Amino acid sequence: MVVSDHPATVTPVSSPAALASVAVGRPVRGEFTYVVPETLSGRLAPGQRVLVPFGRGTALGFFLGPASPPAEEGVNLKPIHRVLEESPSLPTDLIALLRFAAEHYRYPLGEVIRGALPPGLSKAEDEKEARPDVQHFAVALVAEPPPELRRAPAQAAAFAYLLAVGGRAPLDEVAHAIPGAREMLKKLATRGLVRLEEQVLKPGVREGLAQGRPELLTPEQDVAVKSLQASLDAGGFQTVLLHGVTGSGKTEVYLRAVEHALSQGKGSLVLVPEIALTPQLVGRFRSRFGSDVAVLHSGLKDRERLFHWQALRKGTVRIAVGVRSAIWAPVENLGLVVVDEEHDPSFKQEDKLRYNARDMAVVRGKQAGALVLLGSATPALESLENVRKGRYRLLEMKHRVDDRPMPTIELVDLRVERPRDGGPVTEEAPILSPPMLEAMRETVEKGQQVILFLNRRGHSTFLLCEVCGLTLKCSDCDVCLTLHRSASRVMCHYCGLATPVPERCRECTGPLLKLGIGTERVEAEVAERLPQARVARLDRDSATSAERVTELLAAFARREIDVLVGTQMVAKGHDFPGVTLVCVVMADTSLAIPDFRAAERTFHLLTQVAGRAGRGKDPGRVLVQTYNPDSEPVKRVLAHDFEGFALQELEWRRALAYPPFTRLAAIRLEGEHPEQTASVARMLGEFLSRRMPPPSVGVRLLGPALAPIARLRGRTRWQLLLKGPTHAALAPLLARLEMKLEDVPSGVKVTIDVDPGAML
DNA sequence: AGCACGCCGACT
DNA sequence: GTCGGCGTGCTC
């Protein structure tokens, strides 16, 4: 392909008073107008970073295009100081996307742009070439970890990671994932297990396509790939929803689509929920496309981030694989955007610019004229509705690769199958029912592996006073404290506060009962009931960092662990052929959450975790323990009935006027003083209700009401919810609200959350 | 975000 | 009598 050198899209400026629209990298709303000095006339291109006088001092700004004189009189227009680089940092399709995001999510454009740029470019400095001309690589020389590494767990972990990502990876990247990996890999090199290579990165020089490309596709994969190739050949924007059951080989379809885009000289952007949980997927991209891939994970150092940004911007690297924020990656000549596990809640950013990367992917595809491919085994209801409306095209893959059967899913009704009979509910009351224990025992005896899923970390999820019935709560938040026995602490999962375990009730000094089950306790119970099994736990507590996650997953993949107990972290897209049994310890936990998406989340989670079973040659089995066997998500998961669940849930959403049939915007308030916060909430509520469009438009205001978690970090929380038939129906109201926010006293923080993810 | 301006307590 | 607390307000 021709590497673009960004011919400057020069804006013709006619002297004397050419004006420029600039987004200032400060949390101020709107675009600012500056005078283009004669020295710069003809040298400005949209997307360039500029220095502008702002207030007292100087600020970083982004030139967006010519401006017309501001409407108000008496504004003293100042001149742009200077341009920070010749070739614009932002490609034009990104400018359009960022403008859309700022407008849609009601966030200052300058901040949106600054947040999208790598740290090296978001400060008011001249662009520096972050060009580590040589990059160090480690290459595995054997395909299996040799037994002599048993005695060197640190080296084994580094080696396992290297194998997991395809046998060849930049040293930097391994070192990010596993601390001390740099030294470990050097030791491994002296043992002759690893070769260290230096690679000089030159623009335009690439490795050929590497190995690992299966020749045979399943018939369904073949249909999907051909169809996507045809769409790419036809060119232009289109969104395709790839609905493929777990284990149907969606990743290979992504790879082929990316390959095809590459053959057309086009770049690709691939979004995944979490890099740490998907080393296998990253490895496949790396081994297929070599150094044509930039992997954008959360742990990149500033220099590395800048390096990748520049390589993508120049077109020397044409594929970006990354998490949510990679949606802003400056992929040149974008032909394809893939969003893997498009239903995943982690694509929604929950602070600052509250964007949804999946939705932005569709917008970006539209602006760049690219194909957008959304993939999932359990598509979001929003996406299904978009298919029904004809906005997205649907591709389905209903069978697993190699004709492997879907796992059988069985119910264990906890109301009937009491784990151990009767007695008072104490902390010793077991949670693993006889059938579940039996299945686990059998599986482990056969040398196969088990995943135990429970969506709650800690040991006991609440402490209840046996005498006065009070539960132990966080002093700063309106939630119960969780007992973490391994840390000998009670912890607040919302504010992070950890304190020693109280012996007795604070109020009446009565004894405390440890109730509610968490992963820590399940792990202990497995260890006790199946002493022969090697048990490990994977949750946010055991996996203190991304590296520990990788390590644990690698150990599980090497079959050094028989039973893996964990939270959602075990449910994501892993591919462990040894896993033949998946146990859901309690399907009910996510049902009780006061959120209109609770059922959908539960269904997604259960389906995803069930999908971990039977991915190898042996068939899989799933056991689901629940107190609510009649709940819709549980019943439908049991029957492998995604369509049925979706239909039912969509009907319910329509009846209650929730997305995807309406659009929402949440207005969240947070303040030190309960009365002040409440009064601001009422004030905003009145403001909005006085400005509601006529009832025929169908916009409704819910609240103000105390948030489900009414107090967090000592702050009182309120919320209001706007519902409308379309986003366009809500937008004017949100714009007016935003103006009104100027009148809110500084003691209360108000944020607007457009298309909110969760209602908490 | 900065960085002012602007009205009320402990110091030379 | 000043020096300075950080509460509100503006930045083309």
Side-chain angles (χ1 to χ4, degrees), chain A residues 11 13-41 43-84 90 95 98-99 101-103 105-125 302 349 351-355 669-673 675-677 679-680 683-684 687 714-715 735-752:
Chain A
T11 310
V13 283
S14 54
S15 51
L19 299 179
S21 184
V22 172
V24 179
R26 293 279 167 80
V28 289
R29 142 155 332 282
E31 297 172 20
F32 288 75
T33 309
Y34 285 86
V35 175
V36 180
E38 257 173 58
T39 45
L40 286 180
S41 86
R43 287 188 47 220
L44 278 176
Q48 274 174 331
R49 300 182 312 137
V50 293
L51 282 184
V52 290
F54 193 70
R56 265 299 109 173
T58 307
L60 174 66
F62 306 93
F63 173 60
L64 299 170
S68 36
E72 320 110 78
E73 287 293 303
V75 208
N76 175 34
L77 295 184
K78 294 177 181 173
I80 292 177
H81 266 4
R82 64 189 189 93
V83 179
L84 283 171
L90 296 163
I95 297 180
L98 293 162
R99 262 189 163 139
E103 172 71 22
Y105 293 109
R106 302 265 129 212
Y107 207 76
L109 179 57
E111 287 290 282
V112 172
I113 299 176
R114 223 159 59 93
L117 288 172
L121 294 181
S122 52
K123 288 185 281 287
E125 294 163 11
D302 290 2
Q349 169 125 45
D351 66 340
K352 294 183 187 162
L353 173 69
R354 295 169 160 265
Y355 65 99
L669 294 86
E670 212 181 88
E672 202 95 45
H673 309 293
E675 330 72 42
Q676 189 191 33
T677 315
S679 87
V680 172
M683 184 266 278
L684 294 180
F687 178 87
R715 295 171 174 278
R736 303 185 76 168
L737 175 71
E738 200 168 39
M739 307 288 237
K740 184 68 182 168
L741 294 188
E742 319 246 301
D743 301 348
V744 170
S746 60
V748 181
K749 223 185 113 202
V750 184
T751 50
I752 300 176

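Computed from heavy atoms alone, side chains included, the values below leave out hydrogens, waters and symmetry copies. Each chain gets a letter, A, B and so on, in the order the sequences are listed, and its residues count up from 1. Owing to the predicted nature of the structure, the values given are computational and were not obtained by experimental measurement.
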Any base atoms under 4.0 Å from T33(A), or only sugar-phosphate, or nothing? Heavy atoms, all strands. base
So the contacted stretch of DNA chain C, first to last nucleotide with an atom under 4.0 Å from a non-hydrogen atom of chain A, runs from dT8(C) to dC12(C)
For E670(A), which residues count as a side chain to side chain donor-acceptor pair (under 3.5 Å) partner, sequence neighbours excluded? none
Return a single string for nucleotides 1-8 of chain B, one symbol per nucleotide in 5' to 3' order, where B is base contact, S is sugar-phosphate-only contact and - is none, cutoff 4.0 angstrom on heavy atoms. BSSS----
Please enumerate all residues that pass side-chain contact (heavy atoms from CB on, under 4.5 Å) together with K123(A), with sequence neighbours excluded. P119(A), E125(A)
Between V50(A) and L44(A), is the side chain to side chain contact (heavy atoms under 4.5 Å, CB included) condition met? List the steps. CA-CA 9 Å; V50(A) 293; L44(A) 278 176; 4.2 Å; yes
Contact list for residues 45-67 of chain A, test side chain to side chain donor-acceptor pair (under 3.5 Å), sequence neighbours left out: R49(A)-E85(A)
Here the side chain to side chain donor-acceptor pair (under 3.5 Å) pairs for residues 19-30 of chain A, sequence neighbours left out, are S21(A)-E31(A), R29(A)-E738(A)
Just jot down the side chain to side chain donor-acceptor pair (under 3.5 Å) partners of D351(A), sequence neighbours excluded, or say none. Q349(A)
With sequence neighbours left out, what residues match P53(A) under side-chain contact (heavy atoms from CB on, under 4.5 Å)? Y34(A), K78(A), H81(A)
Taking side-chain contact (heavy atoms from CB on, under 4.5 Å) as the test, write out the residues that go with E103(A), two or more places apart. R106(A)
How would you label the contact of P53(A) with the nucleic acid (heavy atoms, under 4.0 Å): base, sugar-phosphate, or nothing? sugar-phosphate
